[in-house]
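To start, the structure itself, in structure tokens.
When a ligand or atom number is given, it counts from 1 through the structure's own listing order.
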Amino acid sequence: MKYSATDELKRHVLVVEDEEDIVRLIAFHLEKEGYRVTGTGSGREALELAYENPPDLVVLDIMLPEMDGLEVCRRLRAGKGTAKIPILILSAKKEELDRVLGLELGADDYMIKPFSVRELVARVRAMFRRFDRDNDDINSEADKPRMEEKVISLGDITLYPERHQVTVNGEQRTLTHKEFLLLELLMENAGKVLTRDLLLDKVWGYEVEVDTRTVDVHIRYLRQKIESDPAVPRYIETVRGVGYKFVKDQE
Ligand code: CA
């Protein structure tokens, strides 16, 4: 791969996957889109590369020899200069997905193998857009204080859509992007039942390979983060056979 001065300006994507064909395929398509790509098949090398020169985004396969992708993800999130890098997880099995989500690793998105490269490129692009938008929010916040920030407050839960923040009893909670979108949608429509299909459509949109079970999995983790007793939810109510509802009248 030739390296030129203009490459400095390109977004740098680190692809961590031990199947070389897949790395080549991803690199080919991302480079065509104007990204700079580095590939490695080793989790350890990925960490070294990332610590030394943090990439703008990481595509990370779970199944890797020696150190697996989950561990790599965990360490990236724990590293000072790497904590905020968007991570797209690749997973060979749907069952792994539960593990990924359950471990609260803070991956920003995931794809199940086999995936379409076109879809992967679209996801990467969407992740950069999101990342830019979130950073714009932070920057403009620093520039000028917002006079009228939109806030949704119900019971002990307060959601700041522009800041992408949620507090419960004044205490900040860390939600994944999807969890945040789910909660925002539910709170905006408090009192109304939202079907799984609608939630899927609004939160996941084009990501066609996810099924309605994904909604349930995310609701479960969301409850663990905002409900004092997730087994007896006070806020997010299950409407059997239909979907979910944010309970409007909080005493
Ligand atoms: Ca692999």
- At what distance, to the nearest 0.5 angstrom, does CG of Leu182 lie from NE2 of His218?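 Going from the CG atom of Leu182 to the NE2 atom of His218 covers 7.0 Å.
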- Any N/O/S atom, backbone or side chain, of Glu17 lying under 3.0 Å from the Ca ion (ligand 1)? yes
- Cationic N near anionic O, under 4.0 Å, Arg24 to Asp21: yes
- Message: Report the atom name of the nearest N/O/S atom of Asp18 relative to the Ca ion (ligand 1).
- Response: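 The atom in question is OD1.
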- Task: Would you name the N/O/S atom of Asp61 that lies closest to the Ca ion (ligand 1)?
- Result: OD2
- Item | Heavy-atom check, side chain of Leu120 versus side chain of His29, under 4.5 Å |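 No - every pair of side-chain heavy atoms lies 4.5 Å or more apart.
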- Task: Output yes when a side-chain donor or acceptor of Lys225 lies under 3.5 Å from a complementary backbone atom of Thr174, and no otherwise.
- Result: yes
